[in-house]
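Just passing along the structure, written as structure tokens.
Letters A, B, ... mirror the listed sequences (proteins, then strands); counts begin at 1.
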Protein chains: 2
Amino acid sequence: MSISMREIAKLAGVSSATVSRVINGSELVTEETASRIRKIIADVNFVPNTSAIHLKHGKSQIYGIIIPDLTNPFFTELVKMFEELLVENEQELLVANTDFASTRLQRSLRRMLLRRVDGVAILTSEHEAAALESLVQNRIPVVTTDHYKSACGISDIIIDFPGGIAQMVAHLKKLGHRKLGFIGGTEGLETSRVRRESFMDAIVNQGLTSRSEWMVTGNYRIDGGSVAMKGILSQKEKPTAIITANDLTAIGAMRAAYDKGLRIPDDISIAGCDDIEMSDIVYPPLTTLRISRREYAGMLFEALRETAKDLSKPGPQFRLPMSLVVRRSTGKAPSDRKPARKSATRRGR
Amino acid sequence: MSISMREIAKLAGVSSATVSRVINGSELVTEETASRIRKIIADVNFVPNTSAIHLKHGKSQIYGIIIPDLTNPFFTELVKMFEELLVENEQELLVANTDFASTRLQRSLRRMLLRRVDGVAILTSEHEAAALESLVQNRIPVVTTDHYKSACGISDIIIDFPGGIAQMVAHLKKLGHRKLGFIGGTEGLETSRVRRESFMDAIVNQGLTSRSEWMVTGNYRIDGGSVAMKGILSQKEKPTAIITANDLTAIGAMRAAYDKGLRIPDDISIAGCDDIEMSDIVYPPLTTLRISRREYAGMLFEALRETAKDLSKPGPQFRLPMSLVVRRSTGKAPSDRKPARKSATRRGR
DNA sequence: CTGAAAGCGCTAACAA
DNA sequence: TTGTTAGCGCTTTCAG
């Protein structure tokens, strides 16, 4: 058991109330007693017990974040930014990773409840509304992403996939691509549906073509991208460019393309979403849609604070833009006539 | 403010002690009352307040982990494993990321103190003993890595770099390499010193050569690896193989080598440490020394539990092995006569 | 300007 | 088998 305020009080010959006042910077204490107390605090390395403060105030000073894949650098970087923001505001962060498993989402929510967090950012997509009820009921502000619903105590951040993917499609169109493929996210998730539909809308709006065989699902991870790409490449007629649901998927797709002996972007263009650090490291560097982690983290925080102000009304909605980052994994569409298949050309460095 | 035990008690027409007993699975309650209470608990979604429990018991049920770089997949994967382990044991995890800044270490330690964590795993290397004193003083068990010291309440995990790097050097020697370079970690860190010395020892023991110009420092990140490699490659005489302090460094080094037009492993072999997932994705896949995250996480947990048993004596020491993973970034040493510099050869796929 | 005392939600003696 | 009570460390009226 570590040292308590009462012991500080005893050492200083005052009451614990006075110690508390000094710690909280109250004006009502003589500078003399205050500095004496401060000295003792420093000497014995006293640190107040936050659980007691929590109990008193009802604020745990902890926020929670629930993410689907801690192994995805996008989320890691986001967590990092969010943590920094919170620490600056004297808050703590509880990270829960679900690995895409909905059973683990339930447990994560319970963890948040147990700790009476002051707010939860839910970045997984596999929740039903019912799951959030317990949070709302316990008056814990929630912010979701791409949930497209608002309810009391819940705010939502919408990532602008429609806009982003339209940019990407336009970029590919300008490069001469007409036949586009899409590797989406895990089947059945809301986010996956949004991304896929954004793709289809963009294709239609810009007068390009795709086919259902070119629009397959992945799992937001490298392996899923590889598998999906192999499927696409095994067809007799292939798209000339592929857009993927995230960068990891794109990296997996690139791998599969290489394994089939295709050159990127000469034979096929590949693009991702997220702009993780790795995207600039792989070969060739990946063209992608950047989502600013800093901005995202800021929105999460802002949304939670805003929602907390009045739990009895729906929280605000935010829109997070995506910006096109052109690198070298996308290039001119191969001409349909001569399918550019000379063997020993070097991979253009 | 969310619902409390007393309210449950009121609803059930019993005292809060009975409710507490039901929740903690005491035998002393009639099955009848127990199930009635359980029903109410379920109905109103009651979740006990852990801060109150903490206050009562003195155990926060939270462990802390302090890492230098959340962006490094090695640490992310480790955090993930550690978190899983803790959640299984009904514990919570507080993650603090220092970004290699010692000021942030101080703050992180304070955060741990504030939350009265039940144990802290410190994986940063930049701490002086003084920093740990406050933890020990507050009776918080600590486990460090590569600290090579033991003190009361502190246990240490030693990563077997000497053994691992010896394996790597032997591997390169077998491939015909005689001149080895080394890109280490950030200057001034204990871990960096250990890795560098392990390299030198292995070189000497196995009768190979290196030079001080071939042994440079990095920063455990991709960019540092690139810069360091550029430095090495700008010299007139170059090593034929490079061992690096971690995989990110190796990946940076590979990048720099490519940028200079070198082929890996034909012109130069490069090896890393850690075996992060990315190592098998980059081109060519990286030969590396694997450190098992699962084993590491297990040791951290074990060490903390062991140390907690008796804070008045030094905690145990553990040794974490490294195992050689041979992939394609290491290959036969180029013969010294004809330095293999034909231009337009394809990068061997 | 400082102290006494109550109470946040929970548990564990002790009583009944 | 269940209830009463004190107290974990802190803050905050209310008195002094």
Within the 3.5 Å criterion, strictly below it, is a donor on A:N219 or A:T186 matched to an acceptor on the partner's side chain?
no
Mind checking B:T33 for me? I need base, sugar-phosphate or nothing, with any heavy atom below 4.0 Å counting as a touch.
sugar-phosphate
Between A:T307 and A:S155, does any side-chain donor sit less than 3.5 Å from a side-chain acceptor?
yes
Can you check the A:H54 NE2 to C:dG7 P distance for me, whole Å?
19 Å
Return no unless some side-chain N or O of A:T30 is found under 4.0 Å from OP1 or OP2 of C:dT2.
yes
Separation of atom CG in B:N49 from atom P in D:dG9, rounded to whole Å:
16 Å
Note the angle between the end axes of the helix from C:dC1-D:dG16 to C:dA16-D:dT1, five pairs defining each, rounded to 10 degrees.
50°
Expressed as a whole number of angstroms, how long is the span from A:L28:CG to D:dA15:P?
17 Å
Below 4.0 Å: OP1/OP2 of C:dC8 and any side-chain N or O of B:R6:
yes
May I ask you to decide whether B:R111 forms a salt bridge with A:E83, counting only side-chain N to carboxylate O separations under 4.0 Å?
yes
Treating B:N72 as the side-chain partner and B:F74 as the backbone partner, does any N or O pair qualify as donor plus acceptor under 3.5 Å?
yes
Candidate pair A:T124 and A:R104, rule side chain to side chain contact (heavy atoms under 4.5 Å, CB included), full reasoning:
CA-CA 11 Å; A:T124 57; A:R104 293 187 54 181; over 6 Å; no
Would you mind telling me which residue lines up with the more 5' stretch of DNA chain D, A:T18 or A:E7, judged by nearest nucleotide?
A:E7
What is the separation between atom NZ on A:K59 and atom C1' on D:dC10, rounded to the nearest whole Å?
17 Å
Report, as yes or no, whether the 6.0 Å neighbourhood of atom CD on B:E90 holds more than 12 heavy atoms from other residues, nucleotides or ligands.
no
Within a 6.0 Å radius of atom CD on A:Q137, are there more than 12 heavy atoms belonging to other residues, nucleotides or ligands?
yes
Summarise how protein sits on nucleotides 11-16 of chain C as a single string, 5' to 3': B when a protein heavy atom is under 4.0 Å from the base, S for sugar-phosphate-only contact, - for no contact.
BBB---
What residues, two or more places apart in sequence or in another chain, satisfy salt bridge (charged side-chain N to carboxylate O under 4.0 Å, His left out) together with A:R294?
none
Tell me the interatomic distance from B:I3, atom CD1, to C:dC8, atom C1', rounded to whole angstroms.
16 Å
Looking only at heavy atoms, what is the nearest atom pair of A:L94 and A:M112, with distance?
O-CE, 3.8 Å
What integer distance in Å separates A:R116:CZ from C:dG9:C1'?
9 Å
